[in-house]
Structure formats: C-alpha cells, structure tokens
Amino acid sequence: MTDSHSTSNPKQKQVVARERFQHRALGSTHDQLKKARVLLVGAGGIGCELLKNLVKSGFKEIVIIDLDTIDLSNLNRQFLFRHEHIKKPKALVAKEVARKFDPRATIVAHHANIKDEQFNVEWFAAFTIVFNALDNLDARRHVNRMCLAADVPLIESGTTGYNGNVQVIKRGKTACYDCKEKQVPKSFAICTIRSTPSQPIHTIVWAKSYLLPELFGVSEAAAMNLDTSESANNAEEIEKLEKETAQLRELREAMGSDDFVRKVFDQAYKKDVERLLSMEDYWKNKKAPIPLDYETIASGSENIDPLVAKLDQDVWTLQQTFTVFKDSLLRLSKRLAEERAAALRENQLEPVIEFDKDDEDTLDFVTAAANLRSAAFNIDPKSKFDTKQMAGNIIPAIATTNAMVASLCILQAYKVIKGDLGRTKELFLSKANMTGDSSDLPNPNCMVCSRVMMRTKIDLEKATVGDLVDILKLELDYTGDITITTESSQMTVFDYLDDDDDDEDSLAKRRDTKLVEVGVGNGTSLIVLDGGDDEPRVDLQLFVEDMNAEREQALVVKFVFNDGEKPEIPRKPAKKPTEMNGTTTLDGEAQSAATGSKRKRGQDDEVEESAPAKKLQTSANGATQEDDIIVIDDEGAIVLD
Amino acid sequence: MADSSQSQAGTQAPLDPTTMSNGANTELPVLPGQPQDPAGLMASMADPTMMPVLPPMQSISADEIALYDRQIRLWGVKAQEMIRNANILLIGIRALGNEIAKNLVLAGIGSLTILDHENVIEEDLGSQFLITEENIGKNRAEAAAVELRRMNPRVNVIADQEGIMTKMPQYFAAFQIVIATSQPFEMASTINMSCRMFNTKFYAADLHGLYGYVFSDLIMHSFVIEKDKSNIPSKAGTAETSTRMVVHVETKKENNKLREIVTKQEMYCPLMLANSSPLPPETIRSRRAKMRVPPLISCLRGLFDFQKQTGRQPSGRSEDLALYTKITNEKHLELQLPHETLTATVFRMFLQNLGTEIPPTAAFLGGQLAQDVINVLGMREQPLQNLLLFDGDDFKCPIYSLQPVFDPSLSMMEPLDVGMAPGMGVNGNGSMTTTNGGGPVSDTTQMQDDAHQAQG
C-alpha cells in the first residue's frame, strides 16, 4: 500500500516497474483509478474476469459481493475457481485467488445478497464506481436504483452465449437500466399447454409445470407461469381442464400400486387426448393428435434397460421413452413414499417433489413425459440434454464473451473515472462484431430515474407520519397534496385525499401514527407523489435510514442532500414528451443535435418494443379459439401457429 | 519423426526470415536469444515432449459434458470433440498470450504448447495474471504453464523455452493452429509461411496499450452455418464474397420449419500479401467508409516497415519519430485514406501506447482470437477474414478483408500436401490432415437453435 501512495505524489512521480505500462498508456487516469473505491456486484462469469482486470489495472480498493456458491458447470469460464472450490462461496474464493494478482490491492468479500438491508444507499454512496456482473433482472434493477439514489456511476453488463452488452449509467447524464422497458418473462396461455401444444417447449412445460406437480407436488396453477385468467370465451374450456386435473389428482391415491404407471399413462396420453380429439373444431386446420396405446408401447419396450436414461445426448425412441417414463415414475413414487414416512415420524409437513434441473429423477420424468405427449401431438421429441436447458432455463455461457465484455467494462470505467462521460458508449457484442452507440440520454418518462432521490434519516422511535409530511412541506415546498407509499409493498403511508373526505378524527389519528407502524423501517424506500392538479412535480423517492447516533437531535426527520444543496424537484414533463430536450437533467456536452435526435429514436424504439408485449398479454387470455395460439418467442414477437 | 527432422536440420536453416520471406529484405530482425549451435536445435527437435502425439478421437465422457455444459449448449458436442482433439501452438506468452491461453485451456482443447524463451521481468506483473512475483527471473512459458495446468487439468500444457528463431519449419507441422503474439512483422510472416508449408492455420496478434490487431490466415477453411431457410435458398457454387463460396447445402425439417445447413469455404492469403493489399473495394469506394477506417491500420503498417528498416521499435528520439511519421504517412496514402484522419493526436496516442500492454485490451483481443480459434476447430460460424483492428479508446473493432488484387504469387503458395513433400517425412498426426480437409461436415448441432430460445 505504501508504494502506491508514494506514486500518487505529483511532484516526484516514481512509477513502480509493474505499473509502467499502464502509466504510459493511461496517463493521469491511472493515478485517479488507484484512488478509486470499487464495488463489484457478482463473482460469476463476468465478475471473475472483472476482478482480474480491476486488480491488474491498478485499482487498489475493491469490494466484491456474491451470494452464490461454486458449481461444476461454472468452471468452463469462471477461471478463478477450481474443482476443489466446488460448493464454496464465490465471493470468498474469488478474493483469495485474485489477491495474488497484486498483493497491494485490498479486496473485501461479502458472501451475501446485495439486496440485504446493510447495503443501503449510504453504503453505496461510499464507492467511486460500481460494476454490475449479475445474472438476473431483479438484482440488476436493485443496484440500478441504489446507484441512482447514491449518485454513483454504474457499469452495467451482461452476456448470453456469443452476445453481450455494456452500458454506463450515471444519474441525470445517461439512461438508467429501467429507461428502456425490459422484455417480459415468457409465459404461455394455459390452453396452449393443456390443449393445443405445437412446439417441444409446450410439452416440456406441460410435463414440468402440470403433470409433475399434480402427481408429486402442490398443484399451483399460479406458480406455473400459466395464464388462467378467465374470459367469456374460454370459461367452459377452463372448467373442463379443472375436471381433468381432478381426475389426475385422484390417481395419486393409486401411487405405489401395481397399476399406477398404467393409470397415469392412460389418463395423460389416452383419455385426455381422446377428449381433445372430440373437440373437432380444434383440428380443422391442423393435424389431430393420436392417443397412445399402453399395450402397444409397453410390449415393445420390455427388453430395454432403464439405463437408457443416461444417454442424454440422444433422442430416445418411443419405446425407450416409455421405459424411462415408467422407471422414473416408479423412482419418484418410491422417493415420495419414503419422504412421507419420514415426515410422519418426525411430525413434519407433507413432503413434495419439485422440478430441479439437477435432480435426475425429475429431469428423466419430465423428458420422458414431455416426449410421450409430443408423440401424441406429432411434435419433434427432444433429448434429455435439450430438455434440461428448456425446462431449467439454462443460458449458455462461454469464457471468451465474458472476457470481452469485462474488458469493455474496464475501458468504459477509464472514461468515467477521467470524467469523460460523453465518450462512454452503449456497446453490443455479437457473433459477428462489436457495435457501439453513444450512451443514451435519460428517458424523461422513466419510472425509475425521472424520480428525484434522496436519503432520509428518520428517528424511527419517535417520528410520525405527520412529522414526515410537515418536513416535506417545510423543506421541499410541497403543498400538502401528496400521497406517500412504500415502494416494495405499495402500502399507503399518507394520502392527502383522506384529508378531504374523512372526518377530522381519522386524519389526526393518521398523522399521529408512528412511521414504524405503517411499515417504514431502516432501508425502506418511500415514494412521494405530487397530487397537485397543474404541473405536478416528478415523483420523489426517499431512502430511509435509521438515525441511530444522531437520535438526540430535535429533528426526527432529516433529508441528506447531495453536495449539501437542496435539490430542485422539477415538474413532470407534459404528456407528449417529443419536444423535451432535457435541459434540466443534462450537462452541456450531451445536448448536441446529434444526441438529441438520437434520443427521439430511442423513444420510438421503445414504443415499438413495448407495444406488442402489452398486446400479447391481453390477447393471450382469449387464445383458445380455433387455431390462433399465441406464443411469446424470444424476440418478443407474436407467432401465429 | 526424429530421424527425418534431423536430416532436415542438416540441410536447412532454422526459421530465418531472410530465407523464408522471398528474400525481400536482407536485414535480420533483431531477436534476442538466437542460438548459434545447430546441435542444440536437433536436441530440441528430438525431444518427444515437444511434439505431443494425441490419442485418437474419442467420444466425449459424461464428466466432460458436465464440466463443459454451458458451452456445449452453444456449439454442440461434436464441436466440443473437435476442440478436445486440437493441438495448438501459442508463440509469446505475455499479456495477450495469457488471455489466449486461458480461454483455450478453459474451452478444453487437447494440447497447448506455449513457446517463449524470455524470462519474467517485473513489468510483466502489470498485465500478466498467470505469473506472480516469485516467477521473476524464471522462464515465462514455464511459469505460465503451472497456472494453466491448474486451471484445467484435462488439457496437456507444454512449455517450450526455446526461442522461435531456433525452430525448423516442420516444427509447425504437428499443430492445427499456430498463434504468434508480440512478434515483429518479419518473424510473424516467416512463421506464417512455414505454417503454410504444412497446411497449418495461422494467427498473428499484438497489442499496444489501448490498441491492437488480430490477423488470420486459415489457408482454406470450411465451416457450417445453420439457419432458417429464407425465400432465397442458398445454392452450392455461389460466390458470396471474393473469398467465400457456398460449397454444400442441405435442408432439414425441424418443428415444421425448414432449416438450411450451409457449408461454406473461405480462401485466405498470407500476412505478407495482406500487409501490402488495399482495403476492400466497398470501403475504398465510399468516402464515408474511408473516414471510418481507424488510422490505426496505417500506424501498424508504419510500425511493421519501421521494424523492417531498423530492426527495432521507434524510440522517443526525434529522428525515429521523423522516420516513423514519414513511413506511416506513406502507408496512409497507399491505403487511399483521407489525410485528415491521420492527425497529430493519432500519432501521439499511438506512440505513447506503443509497446505497452494493459489488461483490458489483452482481454478483448484474447477473447476475440480464442473464440475464432474455437469456432475454427469446431468448423462452425464465420471465421475472421482477415484483419481485425481494435481501438479501446474509441470502442471500435472493425474487420477488413485485405486481399491482393493480383495474385500470381498466391498460386505458388498453395499448401503442400504434407504426405507428398519429399524429404519432409512429417509424421501422421492424423487428426490434423482430416480436420483441415474441405469436405462438408455433418455437424448440425441443434443446440444452437435451442440456445437462442434460452436467451433472456
């Protein structure tokens, strides 16, 4: 550490040999990055690469956080991890291994969830720059919000197979993670899954989310990603499906008996298919399904070894599939019986078996059950390997893409640290090439970053709802026509409309209620909505911190202003935002004509992206008639089958 | 093997740019550590560890599928098998070499030989993550190999401490792919021509601070692209570009959709020709396209010529700068690029970065190059044709196909049939010749399609 301090003295710059190249290539940026405090969220594919680059580039203070442990399938790309590290926490192992890259660097590792209360806005505010190396939307959104609130620049990145992207997020200067609507998660109309499958994914979802839970788990239509919302068109059909489900559940009684396999088979692949076949309208324009006959298939599969299930690369024959179906059904039945007996002894809850892509029994069952249904519906069967990917939502990942994306994150960080945000770019990596576009401007209608964000210290022992409302009026000039809700649970803390309608007693009671009693605690995020009729202000987001040490002060609610200055809370943009050029939020260099026109383009894109998604949700409900089955494929387009 | 190579050693000089590069230049590139003792050479050639003989092609085990699961889902088991049987030589194991080696070892290639005769110095610790303080003074290849073996014990990692200058051309015969990093142009070109003699594919790459390049000469390479059949079906015999040809088309039905399995072939030219070839016609024709060409290409060509003339890199001395600027300006003109793109800032930035290595540039180029190698081994995807430039300051990464306009020399350089070359006696590393054969491949991996479905 002492070495690095001496090098930052501008009078006599003595660059140690190992820093000579960086210093020549980067100049003063290199001095600045040595003083930066870095937060790295995620120690996976991108995280391992980033940590190496950060330490080797000369960053001296790095905090890394990851809640995951190391798995065998990580080792093809997460190069800091070895076989002997399997099951150990990623963050801790990454820190130990990366220390060797430069012993002068200080690395702090947390084996924890970034959403934990301890990592509040104040904690984020202590960093110079934050890197996201995450694998899920929820955590990405969370860090995005925290960085906006703490006003810390965030380098956001992600990869899928050969594709990758890198984005620089800085409050008020560039678009945030939520400025563009993200793709909605894939969901299927229940009737597509239950009545009219046409693609392998439909039968796989059926086996995983319908057949397996009905036999071995809790039947949870809601948790299935299936859309069961009724409409006049499909109410009758839904009713039939429910009856069918009831019949299948009755089969559970037969579990353990000699003819269990046959009963399940006949119900799933004969009776159900025959019922569907009787609905002739369905099959006017497409090939009708063929019910499977137990005897025919069973007699042809007598000599097949159930070990055929190990051939996960091959597409099994119908007879092989039947063998695996039978064998895995018996394995699961036996397991459940044993677990039930144990639960009964120890007086525990009724056990269930849920799908887990790494649980061979469930994977074998889902593969075989789906492929039998595919056989009935004339759909191409899939190998166990492919089924695992589709049922388990596995995203392919390779070392090279992660390395390139992590590299671009560092190059962007150089610009951020130099204060050259205008030269950061939104970068996309694909099989063919890398493309870049100057960073987007913030979307003035973004639900997340158009808010003004503020840390708020509250004496949670004393402060009441009235205290909060009063200080909003006093310090931030609100009129009082405001609604305050908690962000996560959308609970109403205060609503000015209650003032008008309700009697004085209830309002007074409301004002005297302690904030803790309406769900406000350390780490709570509150949204203040301006209810004023003309030119309402943009939403204000308050990040609550317990006052702790400062509790003795007279004020029970205190805002923490960035740079010590009271922020201007701008008015909401007019309904049609086309003429907005964002003068309130942008710095000078970002206002060029080129970027201005670019933002308009960005907004158009967004409309195009989000519109079909909304259409989908509404039309999916009525998807039962005839043959217009609607599926959301990966591009978010509508496929009419 | 040993016999024939020894007889060769008596009659032919080791890798020497002056005898290999058509004698265009009489000056030797100055490379340290060039041994004068031919006996030493012969000893190294006879060392059996230098030329690993790979086991015959085996199908992949369940353990390997579990380990490589997330990549097999992208390129399929057949490609993984070809990757697993690959034998690759990496020349120069500095920052870029570290990254390339890491990516290839993680991907699970069969054998990686790393060749570097230099010892670790303190500067190396700045960007080379495979080594630590304790390695200072030790051979770079040896030091890096230890960490690489730990990274993936399934890969056979061989450290070769010899200098590249000591290697006979047939040294390259055992490898499917040779990657030369941080080599001066003359040396890279000489290695390239030696590789061509044995039908060995070749890459050259280097980085200078925020800048770098990757060049490829795959001689003749076949690969498969699988896609949905469009309204205009692919046809065998179609020349898609001046270097790419469709050689075979198959159609299959998948989920009521027609899929095309298209086998294509790319023809390459060696580094020496590419370096004097113009930019592609579509770039030259458009002023806007020319304005977008990074002046880095002129800077690199200027550097190659400067090295040729002086045997070293330009220093900060004014006469060096004058000469370098003069050569680079000539190259810029020769490339028909607009003079306003080669500014004083460009010169200053490039010269400041010259000869330095920083981690992100190494990681980007190492990722690009290794992925191209992996695709080439698996015979999937469009490979690099033939120069990739990287500007890490401006986030640009264009690819230009540099092809000689007249190619009388190209016909002289067609790869020799290894078995036919008199006196060569190259031993049969069977997998090499078969993998390089140009026929259609049946690698139709459905995985790619499914992989796309999984994208979130």
Side-chain angles (χ1 to χ4, degrees), chain A residues 16-22 24-27 49 52-53 56-57 72-73 75-77 79 82-83 100-103 160-163 183 199-201 310 312-313 379-380 385-386 389-390 393-401 403-404 406-408 410-411 425 427 431-434 436 633-634, chain B residues 62 65-71 73-74 77 99 102-103 106-108 121-127 129 132-133 150-153 209-210 254-255 352-353 356-361 363-364 366-368 370-371 374 381-382 392-399 446-447 450-456:
Chain A
V16 294
R18 64 186 296 158
E19 292 178 355
R20 197 162 290 155
F21 288 152
Q22 266 102 331
R24 246 178 67 197
L26 300 176
E49 287 285 340
K52 170 206 66 186
N53 292 348
K56 278 288 172 192
S57 294
L72 173 66
S73 65
L75 302 187
N76 80 321
R77 63 195 184 283
F79 77 102
R82 310 270 178 271
H83 218 277
K100 288 183 297 186
F101 296 152
D102 191 343
T160 302
Y162 297 111
N163 303 321
Q183 214 177 297
Q199 293 176 18
I201 184 68
K310 296 276 172 207
D312 65 349
Q313 297 289 319
I379 296 166
D380 289 346
F385 185 81
D386 288 359
Q389 178 161 335
M390 294 162 88
N393 296 323
I394 297 175
I395 294 165
I398 52 177
T400 49
T401 311
M404 284 187 269
S407 139
L408 295 171
I410 298 286
L411 291 167
K425 287 196 176 167
L427 300 170
K431 230 187 276 193
N433 60 0
M434 178 184 94
D633 76 4
D634 293 295
Chain B
I65 288 179
L67 172 64
Y68 300 125
D69 184 277
R70 294 303 186 270
Q71 66 198 45
R73 291 185 188 280
L74 198 58
V77 174
E99 289 285 344
K102 172 202 71 189
N103 294 335
L106 288 174
I121 55 170
E122 208 185 328
E123 271 87 343
D124 291 339
L125 300 176
S127 299
F129 62 91
T132 59
E133 270 95 344
R150 271 191 220 133
M151 207 175 275
N152 188 351
L210 292 158
E254 207 178 90
N255 286 321
Q352 196 182 317
N353 281 272
T356 67
E357 44 183 36
I358 59 171
T361 316
F364 190 90
Q368 278 281 356
Q371 191 53 53
I374 289 163
E381 314 298 348
Q382 168 69 43
D393 178 51
D394 209 19
F395 302 110
K396 281 194 177 129
C397 186
I399 294 167
Q446 303 170 348
M447 254 48 79
D450 302 331
H452 287 307
Q453 287 187 21
Q455 284 175 17

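Numbers restart at 1 for each chain; the letters A, B, ... are given by sequence-line order, proteins then strands.
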Novice: Would you say the side chain of Pro103(A) lies within less than 4.5 Å of the side chain of Glu133(B), judging by non-hydrogen atoms?
Specialist: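 The answer is yes; the side chains approach within 4.5 Å.
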Novice: Which answer fits Arg24(A), side chain, backbone, both or neither, if we ask what part of it has an atom under 4.5 Å from a heavy atom of chain B?
Specialist: both
Novice: Could you report the tightest heavy-atom contact between Gln371(B) and Tyr162(A), atom names first, then the distance?
Specialist: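 Heavy atoms only, the tightest pair is NE2-CE2, 3.4 Å.
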Novice: Is it the side chain or the backbone of Arg20(A) that comes within 4.5 Å of chain B heavy atoms, both, or neither?
Specialist: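 Side chain only.
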Novice: Quick one: what part of Leu75(A) sits under 4.5 Å from any heavy atom of chain B, side chain, backbone, both or neither?
Specialist: both
Novice: Rounded to the nearest 0.5 Å, what separation is found between the CD atom of Gln22(A) and the OG atom of Ser127(B)?
Specialist: 4.5 Å
Novice: Measure the spacing between CG of Asn152(B) and CZ of Phe79(A) and express it to the nearest 0.5 Å.
Specialist: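 Nearest 0.5 Å value for the CG-CZ distance: 14.0 Å.
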Novice: Non-hydrogen atoms of chain A under 4.5 Å away: do they reach the side chain of Ile399(B), the backbone, both or neither?
Specialist: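 Looking at Ile399(B), just its side chain touches chain A.
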Novice: Looking only at non-hydrogen atoms, find the nearest pair between Leu125(B) and Lys56(A) and report the distance.
Specialist: O-NZ, 2.6 Å
Novice: Can you tell which part of Ala432(A) gets under 4.5 Å to a heavy atom of chain B, answering side chain, backbone, both or neither?
Specialist: backbone
Novice: Test the Lys52(A)-Phe129(B) pair against the cation-pi criterion, namely NZ or CZ under 6.0 angstrom from the six-membered ring centroid and within 45° of the ring axis.
Specialist: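 Because its charged atom sits under 6.0 Å from the ring centre and within 45° of the axis, Lys52(A) does stack over Phe129(B).
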Novice: What part of Asn433(A) gets closer than 4.5 Å to chain B, counting heavy atoms only: side chain, backbone, both or neither?
Specialist: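 Contact with chain B involves no heavy atom of Asn433(A) at all.
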Novice: Is it the side chain or the backbone of Leu411(A) that comes within 4.5 Å of chain B heavy atoms, both, or neither?
Specialist: both
Novice: With a 4.5 Å cut-off on side-chain heavy atoms, are Arg70(B) and Ser73(A) touching?
Specialist: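 In contact.
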Novice: Specify which of Ile121(B), Asp393(B), Ile374(B) makes the most heavy-atom pairs with chain A at under 4.5 Å.
Specialist: Asp393(B)
Novice: Identify the two heavy atoms, one from Phe21(A) and one from Glu123(B), that lie closest to each other, and give their separation to 0.1 Å.
Specialist: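 Heavy atoms only, the tightest pair is CE1-CB, 4.1 Å.
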Novice: Looking at Ala107(B), Gly209(B), Ala370(B), Ala66(B), which has the largest count of heavy-atom pairs under 4.5 Å with chain A?
Specialist: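 Result: the option with the highest number of such pairs is Ala66(B).
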Novice: Tell me, for Asp124(B) versus chain A, whether the close heavy atoms (under 4.5 Å) come from the side chain, the backbone, both or neither.
Specialist: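 No part of it gets close to chain A.
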Novice: With a 4.5 Å cut-off on heavy-atom pairs, point out which of Gly392(B), Gly367(B), Cys397(B) contacts chain A the most.
Specialist: Gly367(B)
Novice: Taking C-beta and beyond as the side chain, do His83(A) and Pro153(B) meet within less than 4.5 Å on heavy atoms?
Specialist: no
Novice: Looking at Ala406(A), Ala403(A), Gly436(A), which has the largest count of heavy-atom pairs under 4.5 Å with chain B?
Specialist: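 Max contact count across the listed options: Ala403(A).
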Novice: For Gln382(B), is it the side chain, the backbone, both, or neither that has a heavy atom closer than 4.5 Å to a heavy atom of chain A?
Specialist: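 When you check distances to chain A, no heavy atom of Gln382(B) falls under 4.5 Å.
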Novice: What part of Ile65(B) gets within 4.5 angstrom of chain A, counting heavy atoms only: side chain, backbone, both, or neither?
Specialist: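 Side chain only.
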Novice: Please state whether the side chain, the backbone, both or neither of Lys100(A) comes within less than 4.5 Å of a heavy atom of chain B.
Specialist: both
Novice: List the atom of Gly161(A), the atom of Leu74(B), and the distance in Å for their closest heavy-atom pair.
Specialist: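 Closest pair (atom of Gly161(A), atom of Leu74(B), distance): CA-CD2, 3.7 Å.
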Novice: Can you tell me how far NZ of Lys425(A) sits from CG of Asp394(B), rounded to the nearest 0.5 angstrom?
Specialist: 4.5 Å
Novice: Could you measure the distance from the OH atom of Tyr68(B) to the CG atom of Asn76(A)? Nearest 0.5 Å is fine.
Specialist: 8.5 Å
Novice: For Leu26(A) and Leu210(B), work out which heavy atoms get closest and say how close.
Specialist: CD2-CD2, 4.3 Å
Novice: Dump the intermediate steps for salt bridge (charged side-chain N to carboxylate O under 4.0 Å, His left out) on Lys431(A) and Glu381(B), then the final yes or no.
Specialist: CA-CA 8 Å; Lys431(A) 230 187 276 193; Glu381(B) 314 298 348; 3.3 Å; yes
Novice: For Glu99(B), is it the side chain, the backbone, both or neither that has a heavy atom under 4.5 Å from a heavy atom of chain A?
Specialist: side chain
Novice: Would you call Thr400(A) and Asn103(B) a side-chain contact if the rule is heavy atoms closer than 4.5 Å?
Specialist: yes
Novice: Regarding Arg73(B) and the six-membered ring of Phe385(A), is the cationic atom NZ or CZ under 6.0 Å from the ring centre and inside 45° of its axis?
Specialist: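 Output yes; distance and angle both within limits.
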Novice: Highest number of heavy-atom pairs under 4.5 Å with chain A: which of Thr132(B), Asp69(B), Leu67(B)?
Specialist: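 Counting heavy-atom pairs under 4.5 Å, the top option is Leu67(B).
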Novice: Which heavy-atom pair separates Ser57(A) from Pro359(B) by the least distance, and what is that distance?
Specialist: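 Between these two residues, the closest heavy atoms are OG-CG, 3.7 Å.
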